[in-house]
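See structure below.
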Amino acid sequence: MFARGRPVRARPRSHGGSLELSDRTGTLLTMEQKQDLYTQRLEKLARIREAGEEPFKYSYPRTHTVEQAYKEYARADGADTSVKLAGRLFALRYHGKSVFGDLCDDSGKIQLFFGLNELGGERFEFLSKLVNIGDFLGVTGNMFTTRTNQVTVKVHDFSLLTKSLRPLPEKWHGLKDVEIRLRQRYLDLLSNESVREIFRKRSHVIRSIREFLDARGYIEVETPMLQPIPGGATARPFVTHHNALDRDLYLRIAPELYLKRLLVGGFEKVYEINRNFRNEGLSQRHNPEFTMLELYHAYVDYESIMELVEQMVNHMVVELTGGHRLVYQGSEINLEPPWPRVAFFDAVREFAGVDIEAVHGADRAHEAVSHLKLELDESAGYGKICDELLKTYVVPKLIAPTFIVDHPAELSPLAKRKRGNQRLTERFQPYIGGLEMGNAFSELNDPQEQRARFEEQMKLRERGDEEAQTLDEDYVTALEYGMPPAAGLGIGVDRLVMLLTDSASIKDVILFPQLRTLADAGTGE
RNA sequence: GGGUGGGUAGCUCAGGUGGUAGAGCAUCGGCCUUUUAAGCCGGUGGUCGAGGGUUCGAGUCCCUCCCCACUCACCA
């Protein structure tokens with residue numbers, strides 16, 4: 001379907017150089033089709049210019065959006081309502097000496113009526129011969145109701161605002177080809193209203209996170225995306241290079257260590273909503289760049305953050321649905337606080353049937369799970385085995401919102417140990433709809449212990465674990481100046497949006513998700 | 001990387017056991033001044049993902065490769 005690997009630019013063409021430029025953007029049409037539909041439009045373009053009309057206008061003084069026009073017409077209650085609207089034509093229905101059209105703007109769709117009597121012969125001919133579905137139009141007219149009771153604009157005059165040179169996807173079935181939907185998201189957006197709705201909701205969700213936190217006295221900050229030492233999470237980073245400094249830098253895997261430096265600096269409630277980058281595989285739940293909310297609050301522990309999370313998520317659901325419930329992938333979910341707290345080891349015991357808490361050391365842990373169908377690397381440590389048990393047996397069951405709390409210390413090098421149980425940390429993860437929504441803990445602020453935990457990670461790294469964390473001296477120094485007791489939280493915003501829009505894949509909630517590049521997808525030449 | 005399904009017109013899709021590639025929409029021409037997936041008549045448009053093989057003959061069967069989705073592995 002793609003004209004990959006073809007010597008596109010070298011192919012001789014009858015219509016001159018202007019066509020060749022467009023090929024570099026990667027056409028989805030075969031050359032033959034393009035010659036046809038595309039050059040038809042180019043010919044119209046030339047005829048429009050010959051007729052003295054500019055096919056790419058600069059502005060249009062519209063008086064109403066489509067939505068406003070409907071409202072004003074309803075308010076006018078039969079009185080004359082004249083409007084100037086602008087939008088894209090999505091349909092044209094010809095009837096000899098009249099034409100019906102559908103005009104869409106960001107607010108909705110409205111029917112247009114073009115009559116020969118109102119427009120005059122010249123403009124009517126222009127419309128019939130030179131305007132296509134897909135073109136942007138500005139129209140002046142007054143509103144009326146057809147005999148089939150359809151509110152319509154009777155057009156007295158129109159202006160071609162932008163000539164469209166390529167045909168739109170089919171109107172009835174919409175655009176379904178997943179690859180085109182993702183690679184040419186603009187086509188997906190303009191032909192699938194439900195997709196536009198998802199991204200409106202995404203915008204709404206992020207706005208209400210800000211409102212929620214701002215109202216509670218948090219300040220929003222921005223910390224480096226380019227970091228000399230990638231810290232704050234267990235993940236492989238992307239590497240880049242700064243020429244003037246002649247050094248490698250890493251795209252951040254988390255803002256955590258910088259945000260906690262701000263606690264040292266005296267801020268007490270901070271948050272950041274921004275992109276993280278992790279050099280990992282793609283899946284329904286993973287995109288290499290994803291949006292993370294992180295926040296830190298001084299003088300509280302993880303219990304307070306748990307309350308914040310259930311309040312915040314419930315707040316979003318109320319904003320979007322008006323209630324506490326939503327449906328995610330066929331399951332009804334009630335987000336009303338409080339959500340159950342289940343200890344990590346209890347959850348594993350209940351769902352995997354393994355009392356991993358009673359087991360000590362990696363070797364014993366391997367024995368304890370040998371009867372289960374876990375595909376574990378021999379080098380997996382105790383923490384890794386625990387994590388695998390949770391992911392495999394517990395997480396898929398956590399449809400109703402649940403906090404898994406008090407993770408084994410091996411899994412959490414930046415978290416404080418639990419009071420009364422040194423094997424655990426004061427950490428929690430919210431799960432909803434089987435999705436891991438985030439991670440939070442009482443923050444480790446003892447610089448000596450932090451250094452020791454980093455050193456354990458460095459040992460893992462030396463043994464070949466590329467995800468193990470790196471010792472950040474500057475961060476430890478900051479802790480030595482004193483960081484107040486605090487708790488912090490990370491929430492995967494994309495996954496939250498998946499939940500709130502009933503989306504099965506993270507690609508559905510990211511406008512331009514990472515895809516294999518077409519250059520790499522060639523025939524391997 | 002493994003498994004499953006898929007790739008046919010600009011878009012959405014049909015094409016039993018091999019026999020000259022189809023429909024709807026879009027597009028172009030004709031008719032039609034209240035239609036709304038408008039209708040009617042006619043036309044343009046295809047390297048059937050790519051290459052090789054079997055065959056008198058391949059969209060269809062065989063082989064290799066490319067791409068997409070799902071899934072497993074990897075992975076907060």
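Numbered from 1 within each chain, the chains take letters A, B, ... in sequence-line order.
Qualifying ring pair (Phe, Tyr, Trp, His ring centres under 6.0 Å) partners for A/His156, counting only residues two or more places apart in sequence or in other chains: none. A/Tyr296 is linked by a ring pair (Phe, Tyr, Trp, His ring centres under 6.0 Å) to nothing, counting only residues two or more places apart in sequence or in another chain. The ring pair (Phe, Tyr, Trp, His ring centres under 6.0 Å) check on A/Tyr70 picks up nothing, with sequence neighbours excluded. Scored by the ring pair (Phe, Tyr, Trp, His ring centres under 6.0 Å) test, A/Phe441 finds no partners at all (sequence neighbours excluded).
Heavy-atom minimum distance, A/Glu272 versus A/Arg252: OE2-NH1, 3.0 Å.
Annotation: B/U8 and B/U44 have their P atoms spaced 23 Å apart (nearest Å). Taking atom P on both B/G22 and B/C62, the two are 25 Å apart, rounded to the nearest angstrom. With both ends at atom P, the span from B/G49 to B/C67 equals 16 Å, rounded to whole Å. B/A14 and B/C74 are spaced 40 Å apart, taking the C1' atom of each and rounding to whole Å. Separation of the C1' atoms belonging to B/U47 and B/G39 is 36 Å when rounded to the nearest angstrom. B/A69 and B/C31 are spaced 48 Å apart, taking the P atom of each and rounding to whole Å. To the nearest whole angstrom, the two C1' atoms, one in B/G18 and one in B/U54, are 12 Å apart. Nucleotides B/C61 and B/G42 have their C1' atoms positioned 39 Å apart, rounded to a whole Å.
Counting heavy atoms from C-beta outward, A/Arg236 and A/Arg278 have side chains that stay 4.5 Å or more apart. Residues A/Ile253 and A/Phe277 form no side-chain contact, since every pair of their non-hydrogen atoms from C-beta on lies 4.5 Å or further apart.
With rounding to whole Å, A/Tyr94 atom OH is found 16 Å from B/U36 atom P. Whole-Å rounding puts the A/Ile133 CD1 to B/C25 C1' distance at 9 Å. Remark: C1' of B/C70 and CD of A/Glu179 are 15 Å apart, rounded to the nearest angstrom. Nucleotide B/U35 holds its P atom 10 Å from the CZ atom of A/Phe113, rounded to whole Å. Per the geometry, CZ belonging to A/Arg93 stands 16 Å off P belonging to B/C40, to the nearest Å. Counting to the nearest Å, the C1' atom of B/U33 and the CG atom of A/Leu112 are 16 Å from each other. Separating the CG atom of A/Leu168 from the P atom of B/A37 is a distance of 18 Å, rounded to the nearest angstrom. In this entry the distance linking CG of A/Asn192 with C1' of B/U12 reads 12 Å, nearest Å.
Across all strands shown, B/C75 remains unpaired; no Watson-Crick or G-U wobble contact has both distances below 3.5 Å. Partner assigned to B/U12 is B/A23, using Watson-Crick or G-U wobble distances below 3.5 angstrom. The pairing partner recorded for B/G42 is B/C28, the criterion being a Watson-Crick or G-U wobble arrangement whose two distances lie under 3.5 angstrom.
Each of A/Val509, A/Ile432, A/Ile206, A/Ile209 was evaluated against A/Leu496; a single residue qualifies, A/Ile209, per the side-chain contact (heavy atoms from CB on, under 4.5 Å) test.
At the heavy-atom level, A/Gly174 lies under 4.0 Å from the strands shown only through sugar-phosphate atoms. Backbone-only contact: A/Arg495 has heavy atoms under 4.0 Å from sugar-phosphate atoms and none from a base. Residue contacts for A/Glu170: at a heavy-atom cut-off of 4.0 Å it reaches a base atom on one of the strands shown. As judged by a 4.0 angstrom heavy-atom cut-off over every strand, A/Lys109 is placed among residues making no nucleic acid contact. Heavy atoms of A/Ala233 sit nowhere under 4.0 angstrom from any nucleic acid atom.
Not one side-chain nitrogen or oxygen of A/Lys97 sits closer than 4.0 Å to the OP1 or OP2 atom of B/U34. Taking only side-chain nitrogens and oxygens, A/Lys129 comes nearer than 4.0 Å to OP1 or OP2 of B/G30. A sub-4.0 Å separation between OP1 or OP2 of B/C28 and a side-chain N or O of A/Asn132 is present.
Across residues 283-296 of chain A, A/Gln284, A/His286 each have a non-hydrogen atom less than 4.0 Å from an atom of RNA chain B (numbered order).
Taking the nucleotide of RNA chain B with the nearest heavy atom to each of A/His173 and A/Asp102, the more 5' of the two is matched to A/His173. Between A/Phe114 and A/Leu92, the residue anchored nearer the 5' end of RNA chain B, judged by the nucleotide with its closest heavy atom, is A/Leu92.
Checked against B/C74, B/U27, B/U34, the side chain of A/Lys44 finds its nearest nucleotide in B/U27. Listed nucleotides: B/U36, B/U33, B/A69. Nearest to the side chain of A/Lys507: B/A69. Of all nucleotides listed (B/U35, B/U12, B/U27), B/U27 comes nearest to the side chain of A/Gln40. Picking from B/U35, B/C11, B/U33 the nucleotide with the shortest atom distance to the side chain of A/Leu175 gives B/C11.
Sorted by first then second residue, the side-chain hydrogen bond (donor to acceptor under 3.5 Å, both in side chains) pairs that include residues 503-512 of chain A, not counting sequence neighbours, are A/Thr501-A/Ser503.
At a cut-off of 3.5 angstrom, counting only N and O atoms as typed in the model, there is no donor on one side facing an acceptor on the other between the side-chain of A/Gln150 and the base of B/U34. Between the side chain of A/Thr148 and the base of B/U34, no donor-acceptor pair under 3.5 Å is found.
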For this session: Could you walk me through whether A/Arg196 and A/Asp106 pass the salt bridge (charged side-chain N to carboxylate O under 4.0 Å, His left out) test, one step at a time?
Result: CA-CA 9 Å; A/Arg196 286 203 297 281; A/Asp106 197 18; 5.3 Å; no
